[in-house]
There are 2 protein chains.
Amino acid sequence: MTAAQSSPRKRAGNGAVRPIDAEEIGLDALVGHAGYAVRRFQIWIFQDFIRTLGEVDIRPTQYSVLTVIGANPGLSQMAVAKRLGIERARLVHLLDSLEQRKLVKRVKSKTDRRSHALHLTTQGETALAKFKRLAAEHERHVEEKIGRDNRERLLRILADFT
Amino acid sequence: MTAAQSSPRKRAGNGAVRPIDAEEIGLDALVGHAGYAVRRFQIWIFQDFIRTLGEVDIRPTQYSVLTVIGANPGLSQMAVAKRLGIERARLVHLLDSLEQRKLVKRVKSKTDRRSHALHLTTQGETALAKFKRLAAEHERHVEEKIGRDNRERLLRILADFT
DNA sequence: GAAAGATTGTTGTTGACGACAACAATTGTC
DNA sequence: GACAATTGTTGTCGTCAACAACAATCTTTC
């Protein structure tokens, strides 16, 4: 219907590959899809996050888990998993790793002997403080990339997904 | 510095897990991170895309490859991979699958015997037309989810990442 | 024009991640 | 007390990004 129909670059009948000047390849219908842009952006963000927090070896998912536990000590694994949209099966491994690194501890609950109460260790709290500083630095990179008000617009638009 | 510091819900000293009323768990610093919202949103989008194009069994990455080839017949695998930000190693498997389904064909290039010129089959072209209709339907779901102007704002903000 | 270097497609490995299924221990319900 | 539901755990499967290595084939350089 719209201009998305596009025109094939060059009906190269039977495979005549002309060098194709670098980056002028049409995306056609893709430019109208929010998902495509969001995906590429998300990849960029994660790469920058991983690089910026590289010195402390913390990935986005780990950071989100630590942050939530830090702000809500005593949560069960189910509660954390549900809140962050992580499979509880996956959270098990994440916590195994974080517990090995002495950042988190699983305390056996006495009110419900099935569940664990999650807490940061003392070491975990000071570490998280540093992670947050680095994460803030990462966030500044995002600002530089898309612009200050665009970042805030974005946060407002996607507020329901947090 | 800001209000992001948050206050721990309840110093539950030694693991007293109080039921925690459903979804009122604080995200603390996470709410200020664009990456978190973008990630959750991207997961939602992909799930809807996969569900909406479920009847034709086409996933987002496959759709992007088909679209680019359709709009630029004769491209090499390198060109497609670079344009879409896909590893060329990964594109190999994607094309294997699409070629098995008779949607795409690899034509040996005569100007550069290392590379393949990628084309849609006739079947591939009619199939892609249907995929595009379904993808447009998916896009309407996005509109319903975040609102019409928010979607357009989003596309504008992230235009550089396409 | 031959040697050295770069590119293209391919194969394989690794690790993070989402989605499921199954299970034991425990709790809640009737 | 029997039966269903929940919690943490283990395991499998498929997608995906990131590398590394390789053979075949250009391209550069002397």
Side-chain angles (χ1 to χ4, degrees), chain A residues 15 17 19-20 22 35 39-40 42-51 53-54 57-65 74-99 104-118, chain B residues 15 17 19-20 22 35-36 39-40 42-51 53-54 57-65 74-99 104 106-118:
Chain A
V17 196
I20 298 287
R39 174 64 171 161
R40 300 287 307 246
Q42 188 255 316
I43 290 175
W44 183 91
I45 285 198
F46 266 41
Q47 283 173 342
D48 184 87
F49 188 100
I50 292 169
R51 198 180 332 117
L53 296 232
D57 190 28
I58 288 290
R59 298 176 57 83
T61 314
Q62 296 175 314
Y63 177 73
S64 68
V65 170
L75 282 187
S76 69
Q77 299 187 191
M78 251 328 276
V80 171
K82 203 175 294 180
R83 184 64 185 90
L84 290 176
I86 301 175
E87 288 266 335
R88 69 184 199 277
R90 167 135 186 68
L91 187 59
V92 172
H93 301 297
L94 284 168
L95 289 175
D96 285 350
S97 158
L98 294 174
E99 204 170 24
V104 165
K105 57 186 168 188
R106 292 187 243 222
V107 180
K108 282 186 218 139
S109 165
K110 283 159 187 167
T111 64
D112 185 340
R113 292 175 14 229
R114 292 170 302 180
S115 66
H116 296 155
L118 301 175
Chain B
V17 194
I20 297 290
Y36 180 71
R39 173 66 172 158
R40 300 286 307 247
Q42 187 256 315
I43 290 175
W44 183 90
I45 285 199
F46 266 42
Q47 282 174 343
D48 184 87
F49 187 100
I50 292 169
R51 199 179 332 117
L53 296 235
D57 191 27
I58 287 290
R59 299 173 56 82
T61 314
Q62 296 176 313
Y63 177 72
S64 69
V65 170
L75 283 186
S76 70
Q77 299 187 189
M78 252 325 278
V80 171
K82 202 175 292 180
R83 185 64 185 87
L84 290 176
I86 301 176
E87 289 265 335
R88 69 185 198 278
R90 167 140 184 65
L91 188 58
V92 172
H93 301 298
L94 283 169
L95 289 175
D96 284 350
S97 158
L98 293 175
E99 204 170 23
V104 165
R106 291 187 245 223
V107 180
K108 281 186 216 136
S109 165
K110 284 161 187 167
T111 64
D112 185 341
R113 280 158 41 214
R114 292 170 301 180
S115 66
H116 297 154
L118 301 175

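The shown structure was predicted, so the numbers you read here are calculated from the model rather than taken from an experiment. Proteins get letters first, then strands, A, B, ... in listed order; numbering begins at 1 in each.
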Hey, what do you get for CG (B:L95) to CD1 (B:I86), rounding to the nearest 0.5 Å? 8.5 Å

Would you mind reading off the distance between A:I50 atom CD1 and C:dA16 atom C1', rounded to a whole angstrom? 9 Å

If you compare all heavy atoms of B:S115 against all heavy atoms of B:S76, which two are closest, and at what distance to 0.1 Å? CB-CB, 4.3 Å

C:dG15 C1' sits how many Å from A:H93 NE2, rounded? 13 Å

Single hit among A:K105, A:Q77, A:M78 for side chain to side chain contact (heavy atoms under 4.5 Å, CB included) with A:H116: A:Q77

Do B:L91 and B:V65 have side-chain heavy atoms sitting under 4.5 Å apart? yes

Is the distance between the ring centroids of B:Y36 and A:Y63 less than 6.0 Å? no

Taking atom CG of B:L75 and atom OG of B:S109, what is their separation to the nearest 0.5 Å? 12.0 Å

Which residues satisfy the side-chain hydrogen bond (donor to acceptor under 3.5 Å, both in side chains) test with A:R114, sequence neighbours excluded? A:D112

To the nearest angstrom, the CG-C1' distance between A:L95 and D:dT7 comes to 13 Å

Are OP1 or OP2 of C:dT8 and a side-chain N or O of B:R106 less than 4.0 angstrom apart? no

Using atom CZ of B:F49 as one end and atom P of D:dT15 as the other, report the distance to the nearest whole Å. 15 Å

CE of A:M78 versus P of C:dT27: gap in Å, rounded? 17 Å

Could you check how far CG of A:L91 sits from C1' of C:dA16, rounded to whole Å? 14 Å

Expressed in angstrom and rounded to an integer, what is the separation of B:L84 atom CG from D:dT15 atom P? 18 Å

Produce the list of close N/O pairs, under 3.5 Å, pairing protein atoms with atoms of nucleotides 16-19 of chain D; give distances to one decimal.
from   : atom 1 : to    : atom 2 : distance (Å)
D:dC16 : OP1    : B:T61 : OG1    : 3.2
D:dC16 : OP2    : B:R90 : NH2    : 2.2
D:dC16 : O5'    : B:R90 : NH2    : 3.1
D:dC16 : O3'    : A:R39 : NH2    : 3.2
D:dA17 : OP1    : A:R39 : NH2    : 3.2
D:dA18 : OP1    : A:Q47 : NE2    : 2.5

Pair B:R88, B:V92 - check side chain to side chain contact (heavy atoms under 4.5 Å, CB included), show working. CA-CA 7 Å; B:R88 69 185 198 278; B:V92 172; 6.0 Å; no

Counting only side-chain nitrogens and oxygens, does B:Q77 get under 4.0 Å of the OP1 or OP2 atom of C:dT10? yes

Separation of A:D57 atom CG from C:dA16 atom C1', in whole Å? 12 Å

Using a distance-only test with no angle check, is there a side-chain donor-acceptor pair under 3.5 angstrom linking B:R59 and B:Q62? no

Pairs: protein N or O with nucleotides 22-26 of chain D N or O, under 3.5 Å:
from   : atom 1 : to     : atom 2 : distance (Å)
D:dC26 : OP1    : B:R113 : N      : 2.8
D:dC26 : OP2    : B:R113 : NH1    : 3.2

